[in-house]
Amino acid sequence: MEKKLTILGSTGSIGVQTLQVVDMYPHRFKIVALAARGSKSQLLEEQIIKYKPQLVSVNEREYAFYLRSKYAMLGINIVWGQQGLIDAAVSTDAEMVVAAISGAAGLVPTIAAIRTGKDVALANKETLVIAGALVKREIKERNVKLLPVDSEHSAIAQCLLPGQIEFVQSILLTASGGPFRGYTTEQLSRVTVKEALNHPNWTMGSKITIDSATLMNKGLEVIEAHWLFGLDYDHIEVVVHPQSIIHSMVRYRDGSVLAHLGVPDMRIPIQYALTYPERWANSLQQVDFTNIGALTFEKPDVDTFPCLRLAYNAGRSGGVYPVVLNAANEVAVQLFLDGIIKFTQIPVLIERALEKCTQTDAASLEEILELDRLTRLQMGNKYIKGLVKE
């Protein structure tokens, strides 16, 4: 029997790799909806032809009408905009929605999918970062599964023994350290966009690759782990592991540590989320312990890479602070990618936004979205003054 899937973010890195997993088991999965947030895309059209989904969502109305005309013979419902994303998440008979849209834009369709009783394979960490309490409440009320796709959280989930959470001392999220591990602040001030996008181990989208370079990605994962596993921040550790073979670990109170190992290939945790609780055979590369060499570990340098510290502080503060942290980071990363600010100015902008925050709480979806909007507006209008790259 085929498992019906919706892919939100089908042309992004996780979306493409999810479809590669689907291709490994062509008789066990069926793609019923695709959503892509980019502009006109040859890749999306190739996906439409190959998978013939019931529904396709795109950003722009004009592109939607173009696709409707070009692929009318396929009988696909082609929609657009924010409502189109929501339609993709809820308007088919999909059993699982793969939430792979980067950033806060993934929150609304993910919540919509949960509210209609669909299981979610979550690759969009920002959903839990900015609305963790809301998402957890909705999941409990709807009795749906939320399966983490991030390699680190998938690893933790697999190392947590059933009924043993009370015996966990801490979880350890591993970080590669990114392309600038060991750099000084002075060296970081001169890095280019091209250098920052050259991750040593993983192939990812541009935003998450920059987050990895600043260690903000790990900071967001700390907040995500808090909501996924119910541990406070004093029991969530980060350790730099440059080889990216150990994806994360669970430390138990008796001194035992369980680790999840694998080659750095996102298709492995994606497959685990799609096939849970089963583990299907595949032809992906496996760890060759005779050729690994040394596995090394070190503490993260939060003085040189302050984004990790900012994320911990925002998580501990709770309330609106993770929302502001995430929105400010998304704006700052884009400013860096556009060549407007320096790499080292990313955390400066984020900290400025956090310091200026006066609101205390944002409990509802509408309040969260409004705070996200206001933070982005203020980032563009006020906080950037004096930081423009010379």
Side-chain angles (χ1 to χ4, degrees), residues 125 129 150-153 155-156 170-202 204 206-226 231-249 251 257 259 264 293-317 321-322 325-326 328-330 332-333 335-337 341-355 387 389:
K125 60 178 63 65
V129 168
D150 271 350
S151 61
E152 295 83 358
H153 300 94
I156 294 296
S170 63
I171 58 177
L172 296 95
L173 301 173
T174 56
S176 70
F180 307 129
R181 183 175 61 89
Y183 274 42
T184 65
T185 302
E186 173 61 28
Q187 288 174 307
L188 288 178
S189 70
R190 298 192 298 270
V191 304
T192 66
V193 172
K194 182 178 180 180
E195 291 169 335
L197 289 173
N198 186 26
H199 194 282
N201 298 334
W202 297 92
M204 305 175 289
S206 59
K207 191 268 181 182
I208 192 173
T209 303
I210 300 301
D211 282 350
S212 180
T214 65
L215 290 192
M216 178 57 85
N217 188 52
K218 206 54 50 180
L220 298 178
E221 288 176 2
V222 167
I223 300 173
E224 184 182 11
H226 164 74
L231 296 174
D232 65 45
Y233 292 94
D234 290 337
H235 296 94
I236 303 173
E237 306 175 43
V238 171
V239 60
V240 174
H241 169 50
Q243 295 79 26
S244 296
I245 295 296
I246 295 180
H247 298 302
S248 278
M249 297 171 274
R251 189 196 306 273
V257 178
L295 299 180
T296 61
F297 307 90
E298 58 196 61
K299 292 182 178 180
D301 181 357
V302 295
D303 293 324
T304 307
F305 298 91
C307 283
L308 180 57
R309 170 179 52 81
L310 294 174
Y312 263 106
N313 291 344
R316 288 189 171 103
S317 297
Y321 287 96
L325 173 90
N326 183 73
N329 178 63
E330 288 191 26
V333 167
L335 290 171
F336 171 68
L337 289 170
I341 65 172
K342 297 178 181 179
F343 184 83
T344 48
Q345 291 173 326
I346 294 175
V348 176
L349 270 176
I350 297 168
E351 189 162 26
R352 183 175 293 184
L354 291 167
E355 289 172 349
L387 285 183
K389 185 176 174 183

Using atom types as modelled and distance alone, determine if a side-chain donor or acceptor of [X] lies under 3.5 Å from a backbone N or O of [Y].
X	Y	answer
Gln345	Lys342	yes
His153	Glu221	yes
Ser248	Ile156	no
His226	Leu231	yes

Original post:
Can you list the residues that meet the side-chain hydrogen bond (donor to acceptor under 3.5 Å, both in side chains) rule with Asp234, with sequence neighbours excluded?
Top reply: Arg316
**OP:** Report yes if the side chains of Pro347 and Leu349 come closer than 4.5 Å at any heavy-atom pair, otherwise no.
**Re:**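 They are not in side-chain contact.
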Original post:
Can you find a heavy atom in the side chain of Val193 that is under 4.5 Å from one in the side chain of Phe343?
Top reply: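 Side-chain contact under 4.5 Å: no.
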Applying side chain to side chain contact (heavy atoms under 4.5 Å, CB included) between [X] and each of [options], report the one that passes.
X	options	result
Met249	Val239, Leu173, Ile171	Val239
Met216	Ile210, Asn329, Asn326	Asn329
Asn217	Val222, Thr209, Asp150, Ile208	Ile208

Original post:
Strictly by modelled atom types, are His241 and Gln243 linked by a side-chain donor-acceptor pair under 3.5 Å?
Top reply: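 Their side chains do contain a donor-acceptor pair, which is all the 3.5 Å distance test asks for.
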In Å and rounded to the nearest 0.5 Å, what is the [atom1] to [atom2] distance from [X] to [Y]?
X	Y	atom1	atom2	result
Leu172	His235	CG	NE2	12.0 Å
Leu220	Leu215	CG	CG	11.0 Å
Lys218	Ile236	NZ	CD1	12.5 Å

Could you list the donor-acceptor pairs under 3.5 angstrom formed by side chains in residues 178-185, with sequence neighbours left out?
residue	atom	partner	partner atom	Å
Arg181	NH1	Glu298	OE1	3.2
Thr184	OG1	Gln187	N	3.1
Thr184	OG1	Gln187	OE1	3.4

Where do [X] and [Y] come nearest, in terms of heavy atoms and distance?
X	Y	answer
Gly219	Ala311	CA-CB, 3.3 Å
Ala196	Ala213	O-CB, 4.2 Å
Phe336	Ile341	CD1-O, 3.5 Å
Val238	Pro300	O-CD, 3.4 Å
Phe297	Ile246	CZ-CD1, 3.7 Å
Ser176	Ser244	CB-OG, 3.4 Å

**OP:** Starting from the C-alpha separation in whole Å, work towards a yes-or-no answer on side-chain contact (heavy atoms from CB on, under 4.5 Å) for Thr344 and Glu186.
**Re:** CA-CA 9 Å; Thr344 48; Glu186 173 61 28; over 6 Å; no
**OP:** Take Glu351 and Leu310, measure what side-chain contact (heavy atoms from CB on, under 4.5 Å) needs, and give me the verdict at the end.
**Re:** CA-CA 7 Å; Glu351 189 162 26; Leu310 294 174; 4.0 Å; yes
**OP:** Tell me, with the steps shown, if Ser206 and Leu337 meet side-chain contact (heavy atoms from CB on, under 4.5 Å).
**Re:** CA-CA 8 Å; Ser206 59; Leu337 289 170; 4.0 Å; yes
**OP:** Give every residue pair that meets the side chain to side chain donor-acceptor pair (under 3.5 Å) criterion with at least one member in residues 304-313, sequence neighbours excluded.
**Re:**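 Those involving residues 304-313 are Asp301-Thr304.
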Original post:
Are Glu355 and Arg352 within salt-bridge range, i.e. N to O under 4.0 Å?
Top reply: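 No, no charged N to carboxylate O under 4.0 Å.
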**OP:** Would you sort out whether Arg251 and Glu237 count as a side-chain contact (heavy atoms from CB on, under 4.5 Å), showing the intermediate values?
**Re:** CA-CA 10 Å; Arg251 189 196 306 273; Glu237 306 175 43; 3.4 Å; yes
